[in-house]
Structures are given as C-alpha cells and as structure tokens.
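Encoded as structure tokens, the structure appears first; notes follow it.
Order of the sequence lines fixes the chain letters, A, B, ..., with proteins taken first and strands second; residue numbering starts at 1 for each chain. Computed from heavy atoms alone, side chains included, the values below leave out hydrogens, waters and symmetry copies.
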Protein chains: 2
Amino acid sequence: MARKKAARRKGKTAGGKAAVRFGPLADWVGFNLRMAQESAFEAFSHLSREIGESPGRFATLTLIAENPGISQSALGHAAGRDKSSMTPVLDDLVRRGLVARARSDEDRRTYRLNLTAAGANTLARLTACARRHEQNLDRIIGPRDRARFLRTLKRVQAIS
Amino acid sequence: MARKKAARRKGKTAGGKAAVRFGPLADWVGFNLRMAQESAFEAFSHLSREIGESPGRFATLTLIAENPGISQSALGHAAGRDKSSMTPVLDDLVRRGLVARARSDEDRRTYRLNLTAAGANTLARLTACARRHEQNLDRIIGPRDRARFLRTLKRVQAIS
DNA sequence: TATTGTTATACTCTATAACTATA
DNA sequence: TATAGTTATAGAGTATAACAATA
C-alpha cells in the first residue's frame, strides 16, 4: 500500500505502468455515475450468475410479482423499454417456465403475466442475492448517508 | 399536477392507466443507481447529438487529450474495456480525422494516440455540452450535496 | 382509428479466441 | 514466452417499422 502510494506520486501504478490521467472526467457527476453503476451492476451480476440468472431478469420478475396480471406493454413502460423489446425477454421466461402468459378475457389483445411457482422460487433466490448486494452497498455508502444518496438518485432520474 | 397526485392516490396515473408497483425495487440502491444513470446518460446523449457525437466518444477523446501518446490497450484498461473493443472505436475516430494513430519507435507493436486539431475542436464542443449537463445535474443535486454525492459514487466504484 | 403483441431487421456495445508482428 | 493490436465471431440488449388481431 505504501509502495502503491509512492508509485502514484511518480505517476506510476504499482504494476509499473504509467498512470492514466482522467482530467475533468474525475470530477464529473455524469462520468462517475456511469462508472459506479457499471461496478455495482457487475457485482450484482456475479451474485446472480451463481443462480444462473442475468440481472436484467430480476427487475422483470419483480415487476410481475408486484403486479400480477400486468401486460407486456405496461411492463415495458415501467422499465422504460419498447414493447418489442419485451417479446424476447418474455419468450425466454415463459420457455423456461418462470412466467405464465394467458390471454385476457376482457381485452383479447393483451396477455396477463404471472409468475409460476418456479418463477416465484427463482425470484426469491434472486431477491436474496439482491439483499446481499444491498448490504455490500450499504457498507460502502454508510448507513447514515444511504437515505440521502437514494433521494439524490431518485431526483436525478427526473432530469428531463 | 394536483390531478396527477389525486390519480396516484387511487393507484392510477394521470393517463388513466393502472399504476405499476415497484415493490422492493423502489428502495434498492442498485436499481435506482441504474435508473439514474440511464436518465443522465440519455440527457447527455441529447446534448451531444446536437454536435453529432455519441456520449461514448467523449470519454475516449478526453482520455487521449489528457494522456497524449497513450496506447490503445492503456486506453481500454482505463475505461474498463478489452483492447479488442477499442479497435472499432479508434478506427472510427481515425477515419473521421479526430485521432492520429502513429507507431511508436520505442515499441513497434504499439500505437501512440493523439488528437488532431479537428479532434481537439470536437472535444472542446463536447466539453461544453458536458458542462451544460453538469450544471443541470448540479441544479438537481444541489450545490451542498454535490461533493458528498460524488464521494459516494467514487466509493461505489470500488465495490469489488 | 388506436392498441397489443409479434416479426423482421438492424444497430451499438461488448467479449473471447485465434492470429500477426513484434518484444 | 509475453504483449499490442486486429480479425472473426457471437451475444445481449435495444429500437423502428410493418403487420395481424382486436378494440
């Protein structure tokens, strides 16, 4: 650690390679937001891979669990995706028996989506992963700053 | 706005569609980090599109400007990408005359990357966009919380 | 006419592995 | 043997436009 710091002072990393200067990027919220999100996503990805699911499936399964009978369009809208982007995702979840797709009687254009028992089981395991992930994040952020950090993230989502 | 709130209380949005419940997602840092990053990225995308560049090119051009003569591998490493991912990016920037690629005399395997005059000009315009973007973010975050928010984002980048 | 979901298609970004030319 | 960069290839995720069925 002492060696690493000494090396940095001379513009080198511990590995002996020239240090890269980030210039104004280092202080920009936009850039650091992206880097932080990538790191957190990657970390969650590792955890969810242990149970054979991609992180993207987690939000979809949760939204279906929280909104039984939701349509594909409403699901896409909630996640900020086009309905055509949902088709292959739902195809995959239905094919693997995690989601049931049933035509609505009221409006026969729409499907009503629900989790199967297997889907609920997978979601429970993914949720356990997510909780571990959140605990890791909490340790990094600090319990006192968590609420404030979350509030700021929510405000940024409304940027325009 | 009042109508929207009243509608929400009844579980409907202003548009009359059923509101979607986000359940535990609403309070998870990981999910909100992703949503915030997507929103901010989209907003910057709009600004940079006005000058005909994608957001991804901005970080690349900045890193080259800050580290004249940097190699493609070092560039990829700094951005957390594989060297093979850099090839098409650099091909594009060189083809459009923004970056100059010259073989190093010391090590004839590596290229030394530098901005051309056109590249410096494009970067200056992108930087102006980024400054506007940062000002928008600052207004949302609040000047008093900015430093703390940035510090937290940097800590999250080291999650593992 | 408008909407739900599918299809065809394409684009962006990314990675792995095999290759070349150098070291 | 190891490294810098390229190529071939593939995969995930997303979007637009046109379409069929239904409203």
Taking NZ, NE, NH1 and NH2 as the nitrogens, is one of them in [X] or [Y] under 4.0 Å from a carboxylate oxygen of the other?
X        : Y        : answer
A:Arg101 : A:Asp91  : yes
A:Glu50  : A:Arg125 : no
B:Glu53  : B:Arg96  : yes
A:Glu38  : B:Arg34  : no
B:Glu134 : B:Arg139 : no

Report the distance from atom [atom1] of [X] to atom [atom2] of [N], rounded to the nearest whole Å.
X        : N      : atom1 : atom2 : answer
A:Leu90  : C:dG5  : CG    : P     : 9 Å
B:Arg103 : D:dA4  : CZ    : C1'   : 8 Å
A:Leu113 : C:dT4  : CG    : P     : 13 Å
A:Glu106 : C:dT3  : CD    : P     : 18 Å
A:Arg109 : C:dT4  : CZ    : P     : 6 Å
A:Asp91  : C:dT6  : CG    : P     : 6 Å
B:Gln72  : C:dT20 : CD    : C1'   : 15 Å
A:Tyr111 : D:dT22 : OH    : P     : 11 Å

Using only side-chain N and O atoms of B:Arg101, determine if any of them is under 4.0 Å from OP1 or OP2 of D:dT6.
->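 Checking D:dT6 against B:Arg101, a side-chain N or O does come within under 4.0 Å of OP1 or OP2.
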Can a side chain N or O of A:Thr87 be found less than 4.0 Å away from OP1 or OP2 on C:dG5?
-> no
Contact class for A:Arg112 (heavy atom, under 4.0 Å): base, sugar-phosphate, or nothing?
->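 Counting heavy atoms under 4.0 Å across all strands, no contact is made by A:Arg112.
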Quick one: label A:Thr110 by what it contacts on the DNA or RNA (base, sugar-phosphate, nothing), any heavy atom closer than 4.0 Å.
-> sugar-phosphate
With the 4.5 Å side-chain cut-off for hydrophobic clustering, are A:Val156 and B:Phe22 part of the same group?
-> no
Start at the 5' end of DNA chain C and walk down; is the nucleotide closest to B:Arg108 or to A:Ser71 reached first?
->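 It is A:Ser71, whose closest nucleotide lies nearer the 5' terminus.
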Identify all pairs in which a protein N or O lies below 3.5 Å from an N or O of nucleotides 12-16 of chain D, and state each distance.
unit_1, atom_1, unit_2, atom_2, d
D:dT14, OP1, A:Arg81, NE, 2.4
D:dT14, OP1, A:Arg81, NH2, 3.1
D:dA15, OP2, A:Asp82, N, 2.9
D:dA15, OP2, A:Ser85, OG, 2.8
D:dT16, O4, A:Ser84, OG, 2.8

For B:Glu42 and B:His46, test the side chains for any donor-to-acceptor distance below 3.5 angstrom and give the result as yes or no.
->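 Distance-only check passes for B:Glu42 and B:His46.
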